[in-house]
Amino acid sequence: MTTIEAAQTPTRRTVARPLKWPILIFSPLVVLLSLVLMPDYSAYLDEVGYMLRVTARLAFALLMLAYIARPLQRQFGIGRTLVLHRRYIGLAMAFAHTVHFYYVVELALQTPEPLGWVTLIGGGLAFVLMWLMAMTSSDRAVALLGKQWRRLHTLGLHYLWLVFMQSFVGRLGPQDEYYLYALLTLWGVLGLLLRLWAYWSARLRRTT
Ligand code: HEM
């Protein structure tokens with residue numbers, strides 16, 4: 001590439017991302033609204049449970065948007081806005097799920113039963129991966145980490161997906177909101193199938 005071509009090639013910085021701030025503000029706004037609109041619970045632990053549910057659902061919705069952005073564009077030619085703003089959607093997800101973490105700590109402090117090891121290690125790893133992904137969500141980190149960046153973000157994305165799916169599938173029993181968990185599970189499974197389809201189509205294209 002010549003110097004002139006390089007100068008004319010749009011970089012991350014020159015591509016407009018008009019929804020950056022609305023996306024970044026969206027997550028704290030939803031958390032704030034949920035606090036304001038919280039039902040009148042008599043016990044503090046019920047309030048913690050409510051916030052755990054709100055933050056988990058918000059984080060999952062944002063994670064799924066980032067999860068399906070690229071395959072949606074590849075397979076159907078739609079979702080360019082999602083792809084362009086994937087980094088900010090990921091950061092908004094990290095904010096919502098950090099609030100989930102805050103309420104997990106609240107729960108642990110307020111209840112006498114200790115958290116099980118599987119929950120601690122499995123859930124803890126998910127938070128650590130998510131924070132590492134958020135900390136490396138910059139052009140500088142992408143350039144610095146190279147292939148490792150891709151590995152970290154692919155692993156983190158799928159691990160978070162897995163923990164969400166395990167939580168929703170575990171709530172599929174005869175509860176009031178089972179239909180909601182069925183829908184959330186379906187969204188996750190369709191997202192995975194879309195990614196697998198995009199992955200295998202790209203591999204096929206390369207070999208033919
Ligand atoms: C040590 C780690 C964690 C603990 C102790 C924990 C605790 C909880 C609790 C107690 C609830 C239920 C609130 C209720 O129904 O009243 C909840 C909900 C949930 N959590 Fe966590 N959590 C942890 C980490 C995570 C992680 C890492 C994820 C996902 C990556 C996650 C996803 C969810 C989901 C999907 C729900 C269900 C939301 C709903 O009912 O719609 N949690 N969590």
Side-chain angles (χ1 to χ4, degrees), residues 26-69 86-137 151-192 194-195:
F26 174 74
S27 211
L29 208 65
V30 173
V31 171
L32 207 70
L33 262 175
S34 312
L35 282 169
V36 173
L37 300 174
M38 186 186 311
D40 201 6
Y41 292 115
S42 51
Y44 177 59
L45 273 182
D46 288 338
E47 295 183 359
V48 171
Y50 162 85
M51 284 310 290
L52 278 166
R53 289 190 297 279
V54 167
T55 50
R57 290 173 197 182
L58 172 62
F60 176 71
L62 291 165
L63 180 90
M64 286 311 294
L65 289 180
Y67 194 75
I68 61 171
R86 227 165 23 150
R87 177 178 291 176
Y88 309 113
I89 298 173
L91 288 171
M93 183 271 167
F95 176 85
H97 221 43
T98 300
V99 182
H100 191 81
F101 175 78
Y102 168 81
Y103 283 102
V104 167
V105 174
E106 267 304 281
L107 183 78
L109 293 177
Q110 301 289 332
T111 42
E113 308 109 63
L115 294 176
W117 279 105
V118 178
T119 310
L120 263 182
I121 295 172
L125 179 63
F127 287 120
V128 169
L129 281 170
M130 182 190 77
W131 289 323
L132 284 176
M133 287 163 80
M135 281 189 302
T136 53
S137 285
R151 282 195 190 123
L152 168 70
H153 283 250
T154 307
L155 172 74
L157 203 59
H158 285 102
Y159 186 71
L160 284 161
W161 177 91
L162 191 71
V163 180
F164 274 115
M165 285 296 100
Q166 173 265 331
S167 308
F168 291 139
V169 170
R171 286 171 165 81
L172 275 177
Q175 301 179 25
D176 289 350
E177 291 188 321
Y178 72 90
Y179 59 90
L180 172 71
Y181 296 115
L183 277 177
L184 292 167
T185 308
L186 183 69
W187 187 7
V189 172
L190 287 178
L192 175 69
L194 180 63
R195 281 188 75 105

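All figures in this text were calculated on a predicted structure; none of them were measured in a lab. Both ligands and their constituent atoms are indexed starting at 1 by order of listing.
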**Asked** Which heavy atom of the protein is the closest neighbour of atom 40 (O) of ligand 1, given with residue, atom name and distance?
**Response** Tyr181 OH, 2.5 Å
**Message:** On a heavy-atom basis, which atom in Met165 and which in Gly188 lie closest, and how many Å separate them?
**Reply:** CE-CA, 3.6 Å
**Asked** Which heavy atom of Met93 sits nearest a heavy atom of Leu63, and at what distance?
**Response** CG-N, 3.8 Å
**Prompt:** Looking at Leu115 and Ala108, what are the two nearest heavy atoms and their distance?
**Reply:** CD1-CB, 4.3 Å
**Item:** Shortest non-hydrogen separation from Arg195 to Tyr67 and the atoms involved
**Value:** NH1-O, 2.8 Å
**Message:** What protein heavy atom lies closest to atom 27 (C) of ligand 1? Include the residue and the distance to one decimal.
**Reply:** Ala126 CB, 3.4 Å
**Request:** State the atoms of ligand 1, each with its element, that fall below the 4.0 Å cut-off from a heavy-atom position in Leu160.
**Result:** 30 (C)
Identify all side-chain donor-acceptor contacts of residues 123-134 below 3.5 Å with residues at least two apart in sequence or on another chain.
from   : atom 1 : to    : atom 2 : distance (Å)
Trp131 : NE1    : Thr98 : OG1    : 3.0

**Request:** Do me a favour and list the nearest non-hydrogen protein atom to atom 1 (C) of ligand 1 with residue, atom name and distance?
**Result:** Thr119 O, 3.6 Å
**Asked** Above 12 or not: heavy atoms from other molecules or residues under 6.0 Å from OH of Tyr159?
**Response** yes
**Count, waters excluded, of protein N, O or S atoms under 2.8 Å from atom 21 (Fe) of ligand 1** = 1
**Prompt:** What residue and atom, counting heavy atoms only, is the protein's closest point to atom 14 (C) of ligand 1, and at what distance?
**Reply:** Arg53 NH1, 3.2 Å
**Prompt:** Considering only heavy atoms from C-beta outward, does the side chain of Phe95 approach that of Leu62 to under 4.5 Å?
**Reply:** no
**Request:** Provide the number and element of each atom of ligand 1 under 4.0 Å from a heavy atom of Leu115.
**Result:** 5 (C)
**Residues which pass side-chain contact (heavy atoms from CB on, under 4.5 Å) with Ser137, listed by chain and number, not counting sequence neighbours** = Arg87, Leu91, His153
**Nearest protein heavy atom with distance in Å, relative to atom 11 (C) of ligand 1** = Arg171 NH2, 3.5 Å
**Prompt:** Can you tell me if His97 has a non-hydrogen atom under 4.0 Å from ligand 1?
**Reply:** yes
**Message:** Give me the atom names and distance for the closest heavy-atom approach of Ala96 to Leu58.
**Reply:** CB-CD2, 3.7 Å
**Asked** Mind checking whether Phe164 has a heavy atom under 4.0 Å from ligand 1?
**Response** yes
**Complete:** Within 4.0 Å of some non-hydrogen atom of Leu107, the atoms of ligand 1 are 10 (C)
Which donor-acceptor pairs under 3.5 Å do side chains of residues 43-50 form with protein atoms, sequence neighbours excluded?
from  : atom 1 : to     : atom 2 : distance (Å)
Tyr44 : OH     : Glu106 : OE1    : 2.4
Tyr50 : OH     : Ser34  : O      : 2.8

**Request:** Examine Phe164 together with His97 and report whether their ring centres are nearer than 6.0 Å.
**Result:** yes
**Asked** Between Phe127, Tyr50, Tyr103, Phe101, which one has a non-hydrogen atom sitting closest to atom 2 (C) of ligand 1?
**Response** Phe127
**Request:** Mind checking whether Phe60 contacts ligand 1 via backbone (N, CA, C, O), side chain (CB onward), both or neither, at a 4.0 Å heavy-atom cut-off?
**Result:** neither
**Request:** Please check if atom OH in Tyr41 has more than 12 non-hydrogen atoms from other residues, nucleotides or ligands closer than 6.0 Å.
**Result:** yes
**Request:** Identify, for atom 41 (O) of ligand 1, the protein heavy atom at the shortest distance, and state residue, atom and that distance.
**Result:** Arg57 NE, 2.4 Å
